[in-house]
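What follows is a set of notes on a single structure, which appears directly below.
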Amino acid sequence: AFSEATKVTRLGVTDMIKEVKRLENSSNFFDKIELKLVKFKMLMLGIADVWKDNTLSEDNFIKLKNLGLLPIIELFII
């Protein structure tokens, strides 16, 4: 599940959103774990991106917004 989550986070914005929607709609237990890992990895990538230069890249901004994680990242922006 971890390697699959890594693949999802590396996808382009459109493909990642499609894959996240597929995972959200799945009833498979392992897909739910993968979804949580995707969110965790994106949160960590977002925090690293913000710490690097106090901004988010456009792709990360859109991905985090679609995952509902943007408010958490905004806490780190000074």
Side-chain angles (χ1 to χ4, degrees):
F2 191 78
S3 63
E4 290 299 317
T6 300
K7 289 178 189 175
V8 173
T9 58
R10 291 181 179 162
L11 293 173
V13 174
T14 306
D15 292 333
M16 183 186 159
I17 292 169
K18 278 194 259 184
E19 185 62 19
V20 165
K21 288 188 186 306
R22 184 193 68 77
L23 292 170
E24 288 175 338
N25 294 327
S26 175
S27 60
N28 184 330
F29 174 75
F30 294 104
D31 285 346
K32 298 298 181 190
I33 291 175
E34 184 179 338
L35 178 61
K36 297 297 183 191
L37 287 171
V38 166
K39 288 184 175 186
F40 179 75
K41 284 189 67 65
M42 279 307 305
L43 183 61
M44 294 298 107
L45 288 171
I47 290 170
D49 197 8
V50 166
W51 276 344
K52 186 171 44 178
D53 59 3
N54 212 31
T55 61
L56 276 173
S57 68
E58 183 178 359
D59 283 354
N60 283 344
F61 177 85
I62 295 168
K63 289 176 180 181
L64 290 163
K65 184 177 179 184
N66 281 295
L67 290 173
L69 299 173
L70 194 56
I72 296 170
I73 296 298
E74 288 173 341
L75 295 172
F76 292 92
I77 297 176
I78 298 171

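Given the structure is predicted, the values throughout are model-derived calculations rather than measurements. In what follows, residues are counted from 1 in the order of the sequence shown.
- Annotation: the span from K63 atom NZ to L11 atom CG amounts to 7.0 Å, rounded to 0.5 Å.
- Considering CG of L37 and CE of M42, their distance stands at 13.5 Å, rounded to 0.5 Å.
- Annotation: the span from I47 atom CD1 to K52 atom NZ amounts to 14.0 Å, rounded to 0.5 Å.
- Minimum heavy-atom separation, M16 to L67: CE-CD1, 3.5 Å.
- Taking CG from L43 and CG from L64, the interatomic distance works out to 7.5 Å, rounded to the nearest 0.5 Å.
- Taking every heavy atom of both residues into account, T9 and V38 meet most closely at CG2-O, 3.9 Å.
- Remark: the backbone N or O of K21 is paired with a side-chain donor or acceptor of N25 at under 3.5 angstrom.
- Annotation for K32: atom NZ counts as buried by contact number, over 12 foreign heavy atoms lying within 6.0 Å.
- By the side-chain contact (heavy atoms from CB on, under 4.5 Å) test, D53 pairs with D49, T55, sequence neighbours left out.
- Looking at heavy atoms from C-beta onward, E34 lies in side-chain contact with V8 at the 4.5 angstrom threshold.
- Between the CD atom in E4 and the CD1 atom in I33 there is a gap of 13.0 Å [rounded to 0.5 Å].
- Within the 3.5 Å criterion, the main-chain N or O of F2 finds no donor-acceptor partner in the side chain of K7.
- Within a 6.0 Å radius of CD in E58, other residues, nucleotides and ligands contribute 12 heavy atoms or fewer.
- Clustering ILVMFWY residues whenever any of their side-chain heavy atoms sit less than 4.5 angstrom apart, transitively, puts W51 in the very cluster that holds M44.
- By the salt bridge (charged side-chain N to carboxylate O under 4.0 Å, His left out) test, R22 is found to be paired with E19, D31, residues two or more places apart in sequence or in another chain being considered.
- N66 contributes atom CG, which lies 10.0 Å from atom CZ of F61 (distance to the nearest 0.5 angstrom).
- Taking the side chain as every heavy atom from C-beta outward, I72 and L69 approach each other to under 4.5 Å.
- Looking at L56 and L70, their side chains come closer than 4.5 Å, going by heavy atoms from C-beta outward.
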